[in-house]
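All values below were derived from every heavy atom in this structure, side-chain atoms included, with hydrogens, water molecules and symmetry-related copies excluded. Each residue takes its place number in the sequence, starting with 1. Owing to the predicted nature of the structure, the values given are computational and were not obtained by experimental measurement.
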Amino acid sequence: MMTKHRRDGARLVVVAAAGVLLAGCGGSGAKTGSDPDPKPSGSVRQAGESADPSGTPEPKKPEETKEPGALPSAYEFTPDPARVPRTAAEARRLTRNAALGENDWTAGMVRGTPYETAGTWTVLAESCVWSRSALPDGVLDSFTRRLDVPAQDGKGRVRGSVTVTVHKTVEDADREIKDTVQESFRCPAQELGGGQRLSGLMSLQFDQKDVRNADASLFEAGKFTGPGSGGTQDYVWSKSRIGPVTTAVSVKGAKGYQNSDLLRIAAEGGAKVLYRVELELK
């Protein structure tokens with residue numbers, strides 16, 4: 001069993017990494033494909049601050065405005081009730097429209113294998129082994145796409161995935177968030193199948209006052225090993241909720257990549273999929 005000292009140290013690492021991820025997540029107002037970390041607009045002079053020699057004041061310049069993607073002070077988006085899926089067919093339309101494709105996440109990504117998984121639910125057994133089952137009663141649809149950064153320039157292949165899930169109620173979606181945090185404490189080491197393994201997992205749910213682009217968000221970090229991984233690599237994962245819809249983005253590291261690289265990729269994907277969910281619900 002991991003000692004308290006080691007667990008506390010690992011938690012500090014997760015807190016620090018989560019802060020980086022949260023800071024890197026562009027606001028939900030960012031356009032899909034735009035810079036996830038826009039530069040702040042320059043300051044402007046007030047009218048009358050400078051005048052020409054004749055004494056005529058300069059025309060008033062526009063007030064400074066936030067660029068698309070700037071983080072708001074609080075998350076205030078409310079889904080249009082008429083746009084919230086009530087049937088499986090409506091949920092499938094939302095998940096397909098919101099999930100990122102190979103040209104939507106970050107430059108150079110390609111389809112992973114398998115590219116898509118639909119209509120199933122992942123279950124973490126008491127043995128800490130993941131498996132897939134039928135969708136539970138409270139879930140209308142769940143859809144996953146896998147997108148990778150291919151091996152190049154001496155670096156390995158980074159494996160990413162994005163999942164969009166539509167629950168029947170907000171309460172069901174919120175329960176998914178809370179259950180996920182508990183799973184990492186119950187199973188700090190997990191078997192994904194196919195020889196893939198996660199270890200040293202720690203999860204942290206953000207305080208709502210710190211979340212700017214969703215109703216709730218959490219972050220998880222650990223280590224990943226598996227076929228083609230080139231040894232033990234970093235692993236980062238985030239999950240968020242907007243109304244009854246949850247999104248999850250995972251990034252498995254590879255040779256030549258730092259944890260900060262994975263956080264950037266995860267933050268970009270997380271911000272973009274949340275924005276697409278908002279488009280479906282507004």
Side-chain angles (χ1 to χ4, degrees), residues 21-22 24-36 68-72 74-106 109 116-122 135 138-147 160-180 205-206 208 210-220 237-251 265-282:
L21 183 70
L22 186 65
C25 286
S28 54
K31 293 184 178 180
T32 302
S34 64
D35 182 354
L71 293 175
Y75 189 68
E76 299 178 344
F77 174 76
T78 300
D80 179 350
R83 299 275 290 173
V84 174
R86 302 298 178 192
T87 67
E90 292 173 348
R92 284 192 293 270
R93 183 164 54 250
L94 184 149
T95 58
R96 273 61 170 179
N97 289 343
L100 305 179
E102 58 204 287
N103 298 318
D104 302 324
W105 190 337
T106 195
M109 288 189 114
E116 296 178 340
T117 301
T120 62
W121 187 250
T122 53
L135 294 176
V139 176
L140 292 172
D141 189 57
S142 187
F143 181 64
T144 297
R145 280 191 179 138
R146 294 169 186 82
L147 296 161
S161 72
V162 56
T163 299
V164 183
T165 300
V166 180
H167 293 262
K168 290 182 179 179
T169 68
V170 171
E171 291 74 21
D172 288 337
D174 201 47
R175 189 176 303 111
E176 181 192 346
I177 296 288
K178 290 179 170 57
D179 288 348
T180 300
Q205 183 169 355
F206 294 115
Q208 182 54 45
D210 297 323
V211 181
R212 299 291 185 267
N213 59 351
D215 292 315
S217 290
L218 64 85
F219 172 78
E220 183 174 274
W237 185 79
S238 66
K239 179 173 284 189
S240 300
R241 176 183 67 81
I242 295 179
V245 181
T246 62
T247 64
V249 172
S250 72
V251 181
I265 295 171
E268 184 176 354
K272 288 179 177 178
V273 70
L274 285 171
Y275 175 64
R276 290 166 75 113
V277 168
E278 276 197 9
L279 289 181
E280 294 299 311
L281 294 175
K282 67 186 299 184

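The residue from V164, V245, T165, T144 that alone fulfils the side chain to side chain contact (heavy atoms under 4.5 Å, CB included) condition with T95 is V164. Here the rule is side chain to side chain contact (heavy atoms under 4.5 Å, CB included) with D215, and of I177, I242, D174 only I242 fits it. Here the options are V273, V162, L100, the test is side chain to side chain contact (heavy atoms under 4.5 Å, CB included), and the partner is R145; only V162 passes.
The shortest side-chain heavy-atom distance between R276 and D104 falls under the 4.5 Å cut-off. Using a 4.5 Å cut-off on side-chain heavy atoms (C-beta onward), T180 and W237 make contact. In this structure, L94 and L281 have side chains that are in contact, with non-hydrogen atoms separated by less than 4.5 Å. In this structure, P244 and D172 have side chains that are not in contact, with every pair of non-hydrogen atoms separated by 4.5 Å or more. Looking only at side-chain heavy atoms (C-beta outward), R146 and T117 come within less than 4.5 Å of each other.
Considering all non-hydrogen atoms of both residues, A98 and V277 come closest at CB-CG2, 3.9 Å.
Separation of atoms OG1 (T246) and NE2 (H167) is listed at 4.0 Å; rounding is to 0.5 Å. Separating the CZ atom in R212 from the CZ atom in F206 is a distance of 11.5 Å, to the nearest 0.5 Å. Once rounded to the nearest 0.5 Å, the distance linking CG of L147 with CE of M109 reads 5.5 Å. To the nearest 0.5 Å, atom CG of residue D179 and atom NZ of residue K239 are 9.0 Å apart. Atom CG in L274 sits 7.0 Å away from atom OH in Y75 (nearest 0.5 Å).
A donor-acceptor pair under 3.5 Å links the side-chain atoms of W105 to the main chain of I265, judged by distance alone. Remark: side-chain polar atoms of R83 are paired, donor with acceptor, to backbone N or O of E280 under 3.5 angstrom. With R241 contributing its side chain and G243 its backbone, the two residues share a donor-acceptor pair below 3.5 Å.
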- For V249 and E268, what are the C-alpha separation, side-chain angles and deciding distance, and is it a side-chain contact (heavy atoms from CB on, under 4.5 Å)? CA-CA 10 Å; V249 172; E268 184 176 354; over 6 Å; no
Could you list the donor-acceptor pairs under 3.5 angstrom formed by side chains in residues 85-93, with sequence neighbours left out?
| residue | atom | partner | partner atom | Å |
| --- | --- | --- | --- | --- |
| T87 | OG1 | E90 | N | 3.2 |
| E90 | OE1 | R86 | N | 2.7 |
| E90 | OE1 | T87 | N | 3.4 |

